[in-house]
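Every chain is numbered from 1 and lettered A, B, ... according to where its sequence line falls, protein lines coming before strand lines. Since the model is a prediction, treat every value here as computed from it, not as a measurement.
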Amino acid sequence: MANNEVQGKSLWNYALRKLLRHSAGIVGIILVSVLTLTAVFADALSFFDPTTQILEYSTKPAGFSGNILLKRNPAREEVPIYLAIEQYSLKNDTVFYTELTGIKKTIPIKQMWGDNESDWYITPTYYLGTDNFGRDLLSRILHGARISLVVGVVSVIISLIIGIILGSLAGYFRGWVDGIIQYIITVVWSYPTILLAILFSSLLKSVDDLFGFTLDAFWQTFIVIGITGWVEIARIVRGQFFSLREMEYVEATKAFGFSSFRTIFVHILPNAFGPIIVVATAGIATAIVTEASLSFLGLGIQKPTPSWGILIQEGYGFIQAGLNWGLTVFPCLAMGLAVYGFNLLGDGLRDALDPKSVQR
Amino acid sequence: MAFFALRKFLYMILVLLGVITSSFIVNYGLPGDPARVMLGQRADEQSILALRKELGLDRPKIVQYFDYIGKVCRGDLGRSLTTNRPILETIWERFSATALLTVTALFFSTFIGIIIGVIASLHQGKLLDTGIMSIALLGISLPSFVLGLILLLIFGIVLNLLPISGYIDKGWNHLILPAFALSLRPLSIIARVTRSSMLDTLGQDYVRTARAKGISEFKVITRHALRNALNPVITTVSAWFAGLLAGTYFIEFIFNWPGIGMFTIDSIFKLDYPAIQGSVLFAAVIFVIVNFIVDILYATVDPKVKIG
């Protein structure tokens, strides 16, 4: 039996191939992949825990090399105590070491961290230097990627839920439903996003419990960014539904007697996915910026969690004094690349998913 | 046209009412004691009770709501907790500084953005175009406070060319860095829109006709192509006015510019909740009014806008 059937290719297949030929799209994919991998493997990639403080190594320049002994912590088993030293020597199961202040001290080897010398003596390189608490800037930036990505994705999901529901209802039912939803969109649109976020988060910061729930800083940030970011999505979905509801297959669902709910979410919505994905990708970029802006003002993620906004805010104090500009520049760079990546990917997806766009 | 303007005006009033209502819901309608929110978690019972009475929080919500609308319409946004002065008074004092910064940035970004966009469109697909558009996307990607910090570092500290803090009373050069930092984002967006709009018009028959007539290339571009490409740009400029306003908050804070934005951010740091709430409401109202004016202007300029 001859198989003469031509294997059909889906729109997604075409879109993916187009995206892979789109130079901006490829750079976007690379940047977003790097960000995602960094977020997932932040612990493995960074030498220190992002909150580990070695106060003796406060505001060291990029490339500084540490000289550190690790001691067992009697209070907490799982974390060592870090001792910054000049030098040390080992004699008869006792470690003789010189502190940075020049004071000579001893510790029995039993109190040292781990079993081997390589466990309790380390010489880490601080590739990007340290902050004012002697924390490794690189480790903090790497962990910041995780925060930004999580905030970006979760808050965009919240925005998507609100935006898709309101947008599809407005576009499908039109008339007074559309009128009311358009009105809500216009009112929310009147507030610059960041100001609305500022208003909400300063409110959430001052209220202990809202509707009986106590929200931690993470969820506060997700929700604030989510409920300020849905407008763009609702507008796109509404526009899609306006044209899609005129299609013949929608008429067919009516002839079958399907409920409006089923028609909207099962039949029309999947056909609007392309533009929704594009706007959601750009939405992640906006959410990352909003999170950083809020954290910069102390209204988002709280210290000592290493959010990029917090890192920039901590560096800002030094920049004015003309010192340690790396503390500001490196987090700015990291955030810029992440947002740039999502914007490039969004651009690439828009061209790839648009059937009218010319194949380049 | 008069009917169109009246309809737009009535809708603007409706939107303003919605803005005031949403502000009321956020500040007074949600569970929790607004007096406690305003005074902070550590305030003593005495002062909370006093503020509750002063704000009339013991009355039914609906009475409070109409009272709130009345107050806002009379321009009463409450008093600042830190200075105890009427908030609107402080905002008006600082209005000129913010307006100067915003308008300077708007003109700069529109002018330069259009030029850059036209240049890119004339080199479509070439290295210059790709380069300009990649940088423009980077400009969109960076939030205003990051751009501000980077410019401050480069021009203010490393090169030490320009002052990094203060108002024009200490010299006009204080305006340069904040205005430039504020304009980069809208500039990038305007450049992108101008480019794509130019590419549309450059392919039109009338441009080819103009070229065939032997008109100089400069005239073809400025008089024929650009003129018709400007409509979407105007919409973008007006739409970005809001983004510009939002950007001023961080730029003013970073460059110590005594405008409304710095007042708002100072209020955030001082936990002065009435001041935060008042200045956010003020920004929203200004934005709605600006949008209304832009709509009317746009309708008078572009005959294609539906005036039905």
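- By number of non-hydrogen pairs under 4.5 angstrom with chain A, the leading residue of B:L137, B:L17, B:V158, B:V288 is B:L137.
- When each of B:I140, B:L138, B:L142 is scored by its heavy-atom pairs under 4.5 Å with chain A, the top score falls to B:L138.
- A:Y191 places no side-chain N or O within 3.5 Å of a backbone atom of B:A283 that could act as its donor or acceptor partner.
- When the side chain to side chain donor-acceptor pair (under 3.5 Å) test is applied to A:Y340, no partner is found at least two apart in sequence or on another chain.
- Atom OG of residue B:S267 and atom CD1 of residue A:I198 lie 10.5 Å apart, to the nearest 0.5 angstrom.
- For a residue to count as touching a neighbouring chain, one of its non-hydrogen atoms must lie under 4.5 Å from one of that chain's; by this rule B:T130 does not touch chain A.
- Residues B:V15 and A:V187 approach most closely at O-CG2, 4.0 Å, considering heavy atoms.
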Self-check item: Working for side-chain contact (heavy atoms from CB on, under 4.5 Å), residues B:V146 and A:F296
Solution: CA-CA 10 Å; B:V146 167; A:F296 182 77; over 6 Å; no
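- Of the listed residues (A:T286, A:T290, A:I312), the greatest number of heavy-atom pairs within a distance under 4.5 Å of chain B belongs to A:I312.
- Taking both residues in full, the closest heavy atoms of B:Y11 and A:T186 are given as OH-OG1, 3.7 Å, listed atom of the first, atom of the second, then distance.
- Counting non-hydrogen atoms of neighbouring residues, nucleotides and ligands closer than 6.0 angstrom, the CZ atom of B:F9 reaches no more than 12 such neighbours.
- Evaluation of the ring-ring contact (aromatic ring centres under 6.0 Å, His included) rule for A:F330 yields no partner, not counting sequence neighbours.
- Of the two parts of B:L147, neither the backbone nor the side chain holds a non-hydrogen atom closer than 4.5 Å to a non-hydrogen atom of chain A.
- For A:I288, no part sits under 4.5 Å from any heavy atom of chain B, backbone or side chain.
- Between chain A and the options B:I286, B:T264, B:V285, B:L149, heavy-atom pairs under 4.5 Å are most frequent for B:L149.
- In this structure, no portion of A:A24 lies under 4.5 Å from any heavy atom of chain B.
- Of the listed residues (A:T328, A:V289, A:L297, A:I194), the one with the most heavy-atom contacts under 4.5 Å to chain B is A:L297.
- Both the backbone and the side chain of A:L195 come within less than 4.5 Å of a heavy atom in chain B.
- Summarising the geometry of B:S141 relative to A:V339, their closest heavy-atom pair is O-CG1, 3.2 Å, with the distance given to 0.1 Å.
- Shown here is B:L10, whose CG atom has more than 12 heavy atoms of other residues, nucleotides or ligands within 6.0 Å.
- Contact of B:I265 with chain A is made through the side chain alone, with heavy-atom distances under 4.5 Å.
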Exercise. Walk me through it: do B:L153 and A:V329 pass the test side-chain contact (heavy atoms from CB on, under 4.5 Å)?
Key: CA-CA 9 Å; B:L153 187 72; A:V329 171; 3.3 Å; yes
Quiz item: How far apart are the C-alpha atoms of B:R192 and A:D347, what are their side-chain angles, what is the distance that settles it, and do they pass the side-chain contact (heavy atoms from CB on, under 4.5 Å) test?
Solution: CA-CA 12 Å; B:R192 273 163 66 99; A:D347 267 18; 3.2 Å; yes
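- Using a 4.5 Å cut-off between non-hydrogen atoms, no part of residues 227-235 of chain A approaches chain B.
- Contact annotation for B:S144: neither backbone nor side-chain heavy atoms come within less than 4.5 Å of a heavy atom of chain A.
- Heavy-atom minimum distance, A:M335 versus B:F145: CE-CZ, 4.3 Å.
- In this structure, chain B has heavy atoms under 4.5 Å from both the backbone and the side chain of A:S293.
- Annotation: residues 249-257 of chain B contacts chain A through B:Y249, B:F250, B:F253, B:I254 [non-hydrogen atoms, separation under 4.5 Å].
- Of the atoms belonging to B:I268, it is side-chain heavy atoms, and not backbone ones, that fall under 4.5 Å from chain A.
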